[in-house]
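All values reported here derive from a predicted model rather than from experimental measurement. Counting starts at 1 for both ligands and their atoms, following the listed order.
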Amino acid sequence: MKIACIGGGPAGLYFAISMKLRDPRHEIELFERNPPGVTFGWGVVFSDLTVENITRNDPVSADIITREFAHWDDIDVHFRGETVTSGGHGFIGIGRKRLLEILQDRARELGVVLLFNAECDPADPKWRHYDLVIASDGANSRFRDARAQAFGVDVDVRANKFVWLGTSKVFDAFTFAFEETTHGWIWAHAYRFAPDCSTFIVECSEETWRSFGFDRMTQDESIAACERLFAKYLEGHGLQSNATHLVGSAAWLNFRRIKCERWTSGNVILLGDAAHTAHFSIGSGTKLALEDAIKLADVLNRPSLSLEAALDEYQAERNLEVLKLQNSARNSTEWFETLERYTHFEPLQFAYSLLTRSQRISHENLRLRDREWLETVERWFWKRATDGRSNKTAPPMFAPLKLREMQVENRIVVSPMDMYSAVDGTPNDFHFVHYGERALGGAGLIFTEMTCVSPEGRISPGCTGMWNADHVAAWKRIVDFVHANSKAKICLQLGHSGGKGSTGLGWEGSDLPLADGNWPVMAASDVRWLPVSQVPKPMTRADMDEVRDQFVAAVKMGIECGFDMIELHAAHGYLLSGFITPLQNRRTDEYGGSLENRLRYPLEVFVAMRAAWPGDRPMSVRISATDWAGEDGITPEDAVLIGEAFAREGADLIDVSAGQTWAEQQPVYGRMFQTPFSDRVRNEGKLATMAVGNIYEPDHANSILAAGRADLVALARPHLVDPFWTLRAAAALEYRDVHCPPQYLNGLSQLARNLKREAEANATALRV
Ligand SMILES: Cc1cc2nc3c(=O)[nH]c(=O)nc-3n(C[C@H](O)[C@H](O)[C@H](O)COP(=O)(O)OP(=O)(O)OC[C@H]3O[C@@H](n4cnc5c(N)ncnc54)[C@H](O)[C@@H]3O)c2cc1C
Ligand SMILES: Cc1cc2nc3c(=O)[nH]c(=O)nc-3n(C[C@H](O)[C@H](O)[C@H](O)COP(=O)(O)O)c2cc1C
């Protein structure tokens, strides 16, 4: 094949090498706009896996690269005058310039024609004469942008400013240095990539950058200002840029996240940064570029594949990898963009939050990397959880939490789940066993399902209620069992279904009206949920008084039953949530319009409930932190205001759920997908929160808690199939102080022994 590679970065060079290795008859010309030896940036970081891949692909260049690697293990986080050091991270890096030299030599040796000082114009007709034109021309690819529509380019310009500098100061650890200035926070990411040289990337928000006047400074002035700011880390060494002699490069940049729907158009194929970028804070751009190159060379040289099939396979496989990495990279990018959310943390927690920011590194990963350091974090967590009384080194999920006078034994919560199994609102033996069993299973706090304050406030005929003496008696039996047989606390979730009421049971077409026997529904406005749903009656002031009083009456019955806590359900599109979301609330009176107006009635209900509920017992509010509808609905920013408004009226905990507030929501699911909302409400609003949503492993819970993303962790569906989730986690994590019903102690210790034996056998198998 006759091939042109546009751009002599890692992608273009490594592709040319990989093609020649597979078939030396390929004619490859590589065009680079800069002279040899001139490039942006300083060092690049690799992973062990990338090294394995390049060693398999080309042992010759891999051998030279690996011999020149700089290795380091520790991460130092400098924050508020303290240095937090954790080890076992195992990084390898090399200078970008040196990497390119090695690849250039290898490419020449294999017969690739390298043409420097060669600016390529996509409009030039000569490209038609090549079988393939590889657009490996980097993040600002002209070849991609010339056919932006054909490639389906999506560019997201990120908020922060950064500059990629170098220094002769040799950092022994991967260093993050955070400095608070009168202009705001500014920080450096620094690491050694050669015996005498380190990368030094400076980053800050655009606001801080302008306030410093970086926008008006020359490059030299910028560098001098950074040298002054980070003088104590540089210890007399200077900073340098290599952007000055580059074509098409600037000093300070905003990171551009790029993805493309299609990677091929005509004879042009995207490779490396031209196709996708991953934020520099997770350091994987070069890895992706090299792995793209290997895959593309593989498929193009597989005789059984047509060109079209080869390119389809290339895009399908690589795009999946890219999307996974971009997902983690987005978390990491956002962490730095919202840094001020975490600057009230103590240095140890700040460092933990930084290390786990992309969600790729978890609590147990950190234990494997540096057990001693992780145990310091665990001790710190327990000390804080117990006002200094406990010196325990144990997983955060088992630490207690105090809300008003209620002490929760551990941080695992059975999330509210409607069982649709009541008759006339009365819980029965099913509920007795269901809640009783989950209390025996070790969770610190059990929530009831949404228990409705009136027959018309039910979602379905199977919902539990709290409006008559039968309900009080049935709930009291459950509460008494929980208190007598476990250490769990039990919280009554009270709600009213509003416009989403009068529907079938959960497994019989939830949200769909009943086949017969529907009751009239009311809501903030006459907005129906689905085209088949009833049109709700907009509530009058008299209706509002009546429903508020029903909530208060239910609270008083909750006291009779002996509940430890009450939650007001103001999420998921039910009555109160329907007031809060602008998608359902179309009122023009003082209960509609601004967020303040839309919150007025839900707050009125909450205030009345709080007045009826004992002052020493806590209350929470469940909210939907987003409508999954962009700016048209509730946004996570609104969620902070909503949480704060309830907290001002005496809410002790915000239970941060999301969505289900309009039928056409566009949720983005994934592991722990709603936790970022809890993080935001907790750390921007400085409120106690509970996270929920696809949290299913003890490791998830521990990571969320230790990183300060929530105070409690709720699991719903995992508890449906495993009431003993918490006891099982205690056995797996070898935590012995969990409360276990004495009748079951034998089972717990046997499970712990078996799990330990299995873990040891797995570890031995891995060593062998
Ligand atoms: C601050 C920062 C830190 C980073 N840190 C890391 C890290 O630690 N680890 C890591 O793996 N990655 C890192 N990266 C990302 C990494 O640099 C890129 O992902 C990687 O360089 C991609 O390789 P590429 O060959 O696709 O593109 P590039 O390296 O950008 O190469 C493209 C080449 O094409 C040339 N070119 C462009 N247009 C034309 C034209 N019209 N004609 C001729 N030539 C042209 C350019 O001069 C350039 O040499 C970092 C990036 C940044 C910005
Ligand atoms: C069967 C079922 C019933 C639910 N009923 C309620 C409910 O009554 N009240 C409520 O606030 N959330 C309810 N939810 C939502 C859960 O509390 C939780 O927020 C959601 O399932 C996400 O958590 P998970 O991924 O751990 O399941 C219910 C969820 C399920 C699966």
Has [X] got a side-chain atom pairing as donor or acceptor with [Y]'s backbone, closer than 3.5 angstrom?
| X | Y | answer |
| --- | --- | --- |
| Ser703 | Asp699 | yes |
| Asn57 | Ile294 | no |
| Trp127 | Asp121 | yes |

Please report whether ligand 1 has a polar contact with [X], defined as an N or O pair separated by less than 3.5 Å (distance criterion only).
| X | value |
| --- | --- |
| Val45 | yes |
| Asp273 | yes |
| Trp164 | no |
| Pro10 | yes |

Exercise. What residue and heavy atom of the protein are closest to atom 3 (C) of ligand 2, and at what distance?
Worked result: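 Answer for atom 3 (C) of ligand 2: Asp418 N, 3.2 Å.
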Exercise. Do Arg318 and Glu321 sit within salt-bridge range, that is, some charged N less than 4.0 Å from a carboxylate O?
Worked result: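 No.
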Do ligand 2 and [X] have nitrogen or oxygen atoms that lie under 3.5 Å from each other?
| X | result |
| --- | --- |
| Glu449 | no |
| Pro718 | no |
| Met419 | no |
| Ile695 | no |
| Asn694 | yes |

Closest non-hydrogen atom pair between [X] and [Y], with its separation:
| X | Y | value |
| --- | --- | --- |
| Arg709 | Thr675 | CB-CG2, 3.9 Å |
| Asn694 | Gly670 | ND2-O, 3.1 Å |
| Arg438 | Pro723 | NH2-CG, 3.6 Å |
| Ile459 | Cys452 | N-SG, 4.3 Å |

Could you tell me, atom by atom, which parts of ligand 2 come under 4.0 Å of a heavy atom of [X]?
| X | value |
| --- | --- |
| Leu715 | 26 (O) |
| Val692 | 18 (C), 19 (O), 23 (O) |
| Gly693 | 22 (C), 23 (O), 25 (O) |
| Met450 | 7 (C), 8 (O) |

Under 4.0 Å from a heavy atom of [X]: which atoms of ligand 1 are those, numbered in the order shown and with their elements?
| X | result |
| --- | --- |
| Cys120 | 40 (C), 41 (N), 42 (N), 43 (C) |
| Tyr191 | 8 (O) |
| Gly272 | 26 (O) |
| Asn34 | 47 (O) |
| Ala118 | 42 (N), 43 (C) |
| Gly7 | 33 (C), 34 (O), 35 (C), 44 (N) |
| Phe162 | 1 (C), 53 (C) |
| Gly138 | 27 (O), 30 (O), 32 (C) |

Of the listed options ([options]), which comes nearest to [atom] when hydrogens are ignored and any heavy atom counts?
| atom | options | answer |
| --- | --- | --- |
| atom 28 (C) of ligand 2 | Gly495, Ala716, Pro416 | Pro416 |
| atom 24 (P) of ligand 2 | Arg622, Arg717, Arg671 | Arg717 |
| atom 11 (O) of ligand 2 | Gln660, Met417, Gln493 | Gln493 |

Under a 4.0 Å heavy-atom limit, does [X] contact ligand 1 with its side chain, its backbone, both, or neither?
| X | answer |
| --- | --- |
| Val44 | both |
| Ser141 | neither |
| Ala278 | neither |
| Arg96 | side chain |

For this session: Take Glu449 and Tyr435 through the side-chain hydrogen bond (donor to acceptor under 3.5 Å, both in side chains) test and state the conclusion after the steps.
Result: CA-CA 10 Å; Glu449 60 206 273; Tyr435 290 109; 2.7 Å; yes
Exercise. Roughly how far, to the nearest 0.5 Å, is the CD atom of Gln674 from the OH atom of Tyr669?
Worked result: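 Reported value, rounded in 0.5 Å steps: 8.5 Å.
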Would you say the rings of [Y] and [X] are close, in the sense that their centroids are separated by under 6.0 Å?
| X | Y | result |
| --- | --- | --- |
| Trp72 | Tyr191 | yes |
| Phe162 | Trp209 | no |
| Phe447 | His719 | no |
| Phe677 | Trp628 | yes |

For this session: Start with the C-alpha gap between His189 and Phe176, add the side-chain angles, then the distance that decides, and say whether ring pair (Phe, Tyr, Trp, His ring centres under 6.0 Å) holds.
Result: CA-CA 5 Å; His189 315 231; Phe176 290 102; 5.5 Å; yes
Problem set entry | Test log, rule ring pair (Phe, Tyr, Trp, His ring centres under 6.0 Å), inputs Phe551 and His569 | CA-CA 11 Å; Phe551 271 98; His569 195 343; over 10 Å; no
Problem set entry | Row check, Tyr314 ring normal vs Lys295 NZ/CZ: under 6.0 Å, within 45° |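 Negative - Lys295 is either too far from the ring of Tyr314 or too far off its axis.
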